[in-house]
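What follows is a set of notes on a single structure, which appears directly below.
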Amino acid sequence: MRVCSELNDTHGPTAEEKTSVPNVSRVVASQKTRKHMKLYCLSGHPTLPCNVLKFKSTTIMLDCGLDTTAALYFLPLPLVHSPRLSKLPGWVSKDGAVNLEKELKECSGRVFVDSQPEFCLPEKELLDLSTIDVILISNYHCMMALPYITEHTGFTGTVYATEPTLQIGRLLMEELVTFMERVPKAQAATCWKNKEIQRLLPGPLKDAVDVWSWRKCYSVQEVNSALSKVQLVGYSQKELFGAVQVTPLSSGYSLGSSNWIIQSHYEKVSYVSGSSLLTTHPQPMEQSSLKNSDVLILTGLTQIPTANPDGMLGEFCSNLAMTIRAGGNVLVPCYSSGVIYDLLECLYQFMDSANLGSTPFYFISPVANSSLEFSQIFAEWLCQNKQSKVYLPEPPFPHAELIQTNKLKHYPSIHGDFSSEFRQPCVVFTGHPSLRFGDVVHFMELWGKSSLNTIIFTEPDFSYLDALAPYQPLAMKCVYCPIDTRLNFHQVSKLLKDIQPLHVVCPEPYTQPPPAQPHRSDLMLELQPPPMAYRRCSVLGLPFRRRYERIHLLPELARSLVPSEIKAGVSVATVSAVLQSKDNKHVLQPVPKPAPVPPSKKRKRVTEEPPEVLNPKPLLSGAVPLEPFLAMLHKNGITEVKVEETADGHILHLQTEDVLIQLEEDATHIICDNNEPLRTALRDLVLRFLQKL
Amino acid sequence: MDSDCLSLLPAVCLVLADPKQSPPDDTSLEKLLDWFKELHSQSDGQVLLQHQPCLLEFISSVCMSKTTDPAILSFTLKLTGLLAATTQELHLFDEGGLLVYVFEREAWGVCDLWEDASVRSGWLQGLLNMLKHQQALGFMCGNGLIKVILQLQNDRSLFVACLANQLLVHILNFLTSSNMTNGSDVVGSSESSLRPDWVAASSEIMNAVVEALSSEDHPQVLQGLRLLSLVLSKCGEPIISTLWKDVLVPLEVLVNRGSESLIQTLITVLEAALGTPLLSQSEYKVEELLEAMLGDGNRKECFHCAALIVKLEKCPEVLKRKATDIILLPLQCVSTQPQAEKEINVVLKEQLSQKASCISLLMQSLSSLAQLAHTKYLFEDISIHSITSSVLLLLRMCSGHCPTSLLHSNAFTHLIGCCKVQRCGLDTLGALSVYEEILDLRKDIFGVLLDYLQSPDSHATVLKKTFQAVKRWIVCSPFPDLLQFISHDLFPVLEKRMCDLRWEVRDSTLEFITQLTTALNGNSGFTEALHISGMVSVLLSSLADAEGYVRASAVAAVGEAVTASSHQMVLVSNSKLLDEALVQMMAILSQDTEGFPRRAVVQAFTSWLKGSHLITALELSLSSVLSLGGSDFDWEVKMHTLELAEVLMEKTLTCCPYAVQNFGSSEETRFTQALIKFKNFGLFDLLFNSLFDCDRPVCEKACALLVKLRTLTAETADLDNSLLVLNVCGNRWGDEVQRRYLNKQQAKASVSVTNGVTGSDEGTDCGLHSTKDISLPKILQILDLDDMQRMLTLSSDHVVNSPRSLMEDILSAAQHSEENIVDCY
């Protein structure tokens with residue numbers, strides 16, 4: 001049996017044990033509210049979020065995205081010796097005062113750091129990372145900073161993720177590590193980060209922020225250790241963590257991608273990260289469960305709101321076909337999982353129709369093989385159309401057929417088999433989209449000089465102009481077709497209209513039009529009430545009206561209750577019990593019988609003494625009707641009564657007895673000096689009109 | 001045929017009148033009525049009712065029956081009207097008082113049948129059928145039917161209401177027509193003025209219109225307005241002016257009330273009034289009313305009204321200017337910079353802030369502008385320059401480019417990516433190409449159009465409209481940088497669009513190239529650019545597209561490119577193009593699984609042949625095309641092949657260039673040589689095969705061509721038959737010819753025997769045995785082409801569609817239903 005009570009205490013529940021004497025009559029009167037939920041924003045990047053939610057004494061990290069755009073400040077890591085890159089002049093300030101020849105190189109008119117590329121981590125100073133109880137991962141792109149959070153920070157919690165997220169996330173991390181470790185750099189450049197020196201550097205290095213927090217890539221050991229803390233969950237599987245329950249929901253963006261519901265009995269927070277409503281390979285987005293949220297944390301909208309994925313896909317195909325027809329090669333710098341599956345599927349149909357069936361596709365990545373195979377085995381995480389193919393003798397994705405017919409070939413790297421089987425013109429899919437490391441660097445050096453070739457950017461994470469900066473001058477054609485299937489502003493405003501959250505929290509950029517298009521008021525969130533915006537290092541108090549708590553009643557206590565029906569269907573009973581609160585769970589226990597005080601000689605016995613138990617007075621309900629009450633007084637010999645009407649009720653002046661009776665809606669006062677028997681008699685008369693509990 | 005049918009008529013009448021029989025379907029009854037109508041028109045004064053007494057019996061039994069089906073009653077009413085369309089017949093009806101009985105619904109066996117809309121409609125149609133003479137009108141007036149018709153004008157069934165309106169107009173017209181005064185069948189027509197009951201009838205109708213217009217009941221007002229516009233467009237004087245005088249006051253009230261739902265109908269009324277002499281008389285206030293409809297441009301409805309007025313053909317100039325100013329307001333308002341803003345209309349502002357009304361207003365504005373441009377309307381208060389700039393700005397806004405300062409940011413948000421406005425705007429932009437004054441804006445115009453062609457988000461339908469606009473602007477007047485623009489700006493975009501994912505886009509790109517090539521035919525620079533820029537090879541590669549429609553368009557585009565090149569003699573240096581095109585097109589014709597590309601190939605050959613520059617180059621392929629096309633599964637391919645054959649015949653027989661060179665001077669010899677050429681091309685095989693094809697249009701076309709050939713052979717006296725002998729063995733048409741040949745031989749032989757002639761005076765191979773070779777003129781003789789042609793012109797269902805078969809169907813259906821009843825027991 002459960003009862004609800006309205007909370008009254010102003011102290012937040014803690015994990016310590018607390019006892020108190022319940023006083024039901026006081027509970028009912030309380031209406032106080034307060035903000036008790038906080039959001040710590042460790043990343044300002046809208047699509048690579050890392051937020052921490054403190055909710056009911058639980059500290060929950062929502063995603064830990066790694067911002068790899070810092071790599072753009074570094075020189076590319078060539079896989080094959082590049083005479084061009086090895087002979088770059090070092091950088092010396094014009095007056096010769098600062099000489100960083102070894103750390104900085106001039107390339108194509110820009111200065112780059114000659115060191116292993118570094119990444120911008122989520123903020124570590126805002127919050128003690130060891131206090132994090134749980135990390136919820138929404139998709140494999142948003143977990144790349146995991147080793148930085150879970151390793152060497154004292155983290156002891158659990159990481160929740162779906163299986164494809166874990167497996168593909170592992171692939172992406174391993175790929176990143178391989179890219180770095182394959183081309184070791186002798187030393188790390190640090191002098192340039194010195195504030196005094198950085199200020200003198202040419203742009204854009206001069207303007208780079210938080211450079212001291214940039215870190216090198218993690219190691220395989222760290223990846224393994226971090227991923228060992230992952231506990232797998234399935235869609236809609238409810239996981240209890242302390243007082244909160246977390247549930248992943250399909251978000252439709254990538255294999256295994258999820259949004260999360262974090263809820264207690266009376267509060268619900270939805271965390272919407274990269275989601276998509278388009279029909280691509282993953283399971284469609286589950287929307288209805290997001291309804292009735294008190295707070296919705298919204299991240300991971302499309303990065304290129306003006307580029308429609310369908311149009312971009314068309315652009316991708318026609319540019320590819322034009323290049324191949326003219327005898328050129330096509331380079332597609334991409335991640336080894338995600339949009340590439342859709343690109344291959346689209347090309348599978350398109351190549352034949354464009355009469356380019358014999359052009360080979362190469363997919364080069366240390367994890368190419370696993371990525372292609374994994375996509376085929378996660379059947380339950382795929383869209384319905386692909387799921388149904390599992391029951392047919394054909395694989396869900398058509399790239400299997402491309403491999404079988406030798407149209408698509410995959411290699412771990414350009415070294416080895418690839419070099420002997422390589423045939424041009426061809427299409428190469430390879431990483432990393434930043435063009436700073438991975439096999440793509442080699443193809444840039446190889447194909448950059450011919451205008452027959454084309455590089456087609458499909459990943460939206462990097463500015464293509466910045467990515468191309470160290471390769472200038474470039475003869476090859478560049479086409480920018482960012483394919484971002486995440487929600488756009490139009491879709492999200494429709495979604496929010498449907499699910500109606502009370503409050504929306506989102507990254508600051510979503511609350512204003514894109515800086516490049518200040519008039520596009522359609523490219524921002526316009527909500528009522530306006531969304532709460534956050535930026536890196538913000539700490540937001542979430543506007544919660546926390547009013548109810550669920551309290552469990554122990555069976556023996558429940559048995560002792562004597563409910564009395566005050567109106568149809570509503571029964572009331574008083575209870576005297578001890579309220580025990582632990583880990584946000586509240587239990588009403590019978591009052592322990594006072595243990596017979598053992599004869600003891602100890603002088604002090606403060607602790608463990610049960611509280612004094614008082615017999616509670618009966619509770620009263622009802623109202624005292626004026627006329628019958630006057631009649632009753634008359635019957636009892638009190639005849640001279642002067643009635644005065646007040647704002648709240650009436651004041652009765654018993655003139656002979658010199659007694660005042662204030663009859664109010666919720667209280668009756670008898671003011672009677674030094675005549676206890678009369679007061680008692682009058683009280684009893686009042687009580688005749690009231691019900692007792 | 002008719003006598004056959006007439007003999008069946010009594011039985012049919014019995015079946016139709018039999019309440020136990022379920023009535024035939026509506027179509028059969030309608031066909032039967034059509035037959036009666038035809039019969040009636042051909043009767044030459046013979047009275048059908050006299051010869052067919054069964055009809056009167058049928059009519060009276062249906063009306064009296066207690067169990068008549070509504071469909072049969074409706075049929076009967078229409079039939080009665082039809083049969084009473086002459087005075088003579090009317091008298092026959094009247095003799096027995098039957099006519100009153102038929103059209104007086106209280107007299108029917110079942111009065112409730114009036115509730116059925118089909119019966120009411122039949123009743124009206126019957127009266128309409130009958131209203132051919134004065135007596136009919138007298139009958140209606142005398143029996144108070146006008147009142148019923150006026151009631152039906154507000155019938156809940158729209159068909160009935162519409163028919164009632166038509167009938168009323170017909171009555172009014174009839175009253176004023178010459179029939180009433182000096183018509184041929186007028187009895188006692190000495191009086192020139194109308195009979196008093198007729199005057200009463202016409203004023204009854206007119207009063208009803210006035211009453212309807214003054215009514216508070218919306219549907220009644222609508223019906224009144226509809227009748228008024230019908231009267232205005234169908235009747236003459238004095239009806240029009242009399243009625244107009246009466247309705248003017250309520251009409252003014254309606255116009256000033258400005259109710260949205262009446263606008264369309266009010267405009268129709270005023271439009272009809274514009275076409276009448278009322279317009280020229282100021283007291284009739286036609287123009288004034290139209291102007292009142294427009295108001296000051298500050299009512300929600302005025303834009304709709306203005307859009308309608310702009311479309312009016314006979315609209316007074318002043319009014320048109322005012323409407324134009326109003327209809328252009330939304331366009332100007334959205335795309336004008338704030339400083340140039342005139343006084344901004346609050347209503348308009350509010351309308352533009354809502355998505356649906358914003359889009360519909362702009363579309364009205366744009367399409368009206370296009371309409372005006374089609375007539376090359378001269379704008380006065382506003383320059384065509386600024387209008388065009390507004391359209392350009394609007395189109396830019398639709399693709400997300402925001403002007404620096406904006407009057408209506410809401411409107412801008414509604415417009416981004418709005419295909420409807422884009423399509424409409426592009427149409428308008430294309431239409432504006434008629435104004436030479438804006439040629440200096442061409443750079444901006446092509447800039448916007450190129451943006452649309454390049455944008456990855458352009459919808460396929462938007463791209464199609466863009467292509468149309470580009471074509472119009474290129475074609476409207478040549479400009480110095482045209483070729484530069486085409487080869488540097490346009491061709492690269494087209495090349496990309498030909499690799500588009502969407503087949504619709506690839507298809508419309510190819511269509512555009514075809515149209516452009518046709519339009520710029522004669523421009524040697526363009527043809528050169530086509531070759532130099534590599535477009536031709538892109539076109540050739542499109543011949544292998546995965547989509548049939550695209551292949552068909554590619555065939556057309558390549559065909560046009562070849563034609564253009566041949567005209568410009570570029571082909572001499574690019575004979576590779578023709579060779580490659582021929583190889584690929586022949587492959588399509590012989591192997592393509594879809595009909596469209598194959599049809600396109602044959603059409604391309606036809607157009608090449610028409611051009612006549614290419615005949616020699618095509619000679620080798622022609623026989624293959626004729627044989628492949630003639631044996632295609634698709635009847636349209638066969639038709640196109642016959643068209644090709646026709647062109648080939650025309651070209652060869654009239655002014656064949658090579659015939660002149662190769663053959664002797666004699667006209668006959670040349671003709672014989674041409675026929676030999678045809679034989680070598682396989683043209684005769686094609687024609688004869690097609691003559692016995694399973695598709696009627698193919699046979700018809702082949703037959704027509706053969707008739708033409710026969711005429712020519714007959715005209716040529718000394719045709720050398722031995723040179724034109726065709727083998728009639730081993731093919732379908734040959735067997736048919738042989739069969740007919742033998743039949744004729746047999747017939748001839750039997751005639752000879754009866755005539756006692758044994759020997760053959762013709763001394764030919766007339767023994768009763770088959771022959772392998774027959775000369776062409778002989779074959780043309782054997783085939784009874786004229787008879788075949790006559791048969792072929794009849795539609796294929798002429799047998800089953802005859803009235804006789806219709807009646808037989810009705811009878812046999814009745815018989816079967818009886819059998820079925822028996823079966824049930």
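Chain naming here is simple, since letters A, B, ... match the order of the sequence lines and numbering starts at 1 in each. Since this is a predicted model, take the numbers as computed values, not measurements.
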More than 12 heavy atoms of other groups within 6.0 Å of [X] [atom1]:
| X | atom1 | answer |
| --- | --- | --- |
| A:Lys494 | NZ | no |
| B:Lys420 | NZ | no |
| B:Phe485 | CZ | yes |

Between atom [atom1] of [X] and atom [atom2] of [Y], what is the distance when rounded to the nearest 0.5 Å?
| X | Y | atom1 | atom2 | result |
| --- | --- | --- | --- | --- |
| B:Thr413 | A:His519 | OG1 | NE2 | 11.5 Å |
| A:Leu356 | B:Cys499 | CG | SG | 7.5 Å |
| A:Ser318 | B:Glu495 | OG | CD | 11.0 Å |

Q: Select one option (side chain, backbone, both, neither) describing which atoms of A:Cys481 are under 4.5 Å from chain B's heavy atoms.
A: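 Neither part, no heavy atoms under 4.5 Å.
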Q: Begin with the C-alpha distance, continue with both residues' side-chain angles, and end with the deciding distance and a verdict on side chain to side chain contact (heavy atoms under 4.5 Å, CB included) for B:Leu501 and A:Cys346.
A: CA-CA 9 Å; B:Leu501 258 182; A:Cys346 178; 4.0 Å; yes
**Q.** Qualifying residues under side chain to side chain contact (heavy atoms under 4.5 Å, CB included), relative to A:Thr279, sequence neighbours excluded
**A.**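 For A:Thr279, no residue satisfies side chain to side chain contact (heavy atoms under 4.5 Å, CB included) once neighbours in sequence are set aside.
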Q: Taking side chain to side chain contact (heavy atoms under 4.5 Å, CB included) as the test, write out the residues that go with B:Glu594, two or more places apart.
A: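 Scan of B:Glu594 (side chain to side chain contact (heavy atoms under 4.5 Å, CB included), adjacent residues dropped) gives B:Arg551, B:Asp592, B:Pro597.
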Q: Grab the two heavy atoms, one from B:Asp457 and one from A:Thr306, that are nearest each other, plus how far apart they are.
A: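 In terms of heavy atoms, the two residues are closest at OD2-O, 3.5 Å.
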Q) What pair of heavy atoms forms the shortest contact from A:Met312 to B:Pro456, and how long is it? A)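 Result for this residue pair: CE-CG, 3.6 Å.
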Q: Measure B:Asp545 against the heavy atoms of chain A and call it side chain, backbone, both or neither at under 4.5 Å.
A: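 When you check distances to chain A, atoms from both the backbone and side chain of B:Asp545 fall under 4.5 Å.
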**Q.** Pairing of B:Lys496 and A:Glu315 as salt bridge, 4.0 angstrom limit
**A.**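 Salt bridge between B:Lys496 and A:Glu315, a charged N being under 4.0 Å from a carboxylate O: yes.
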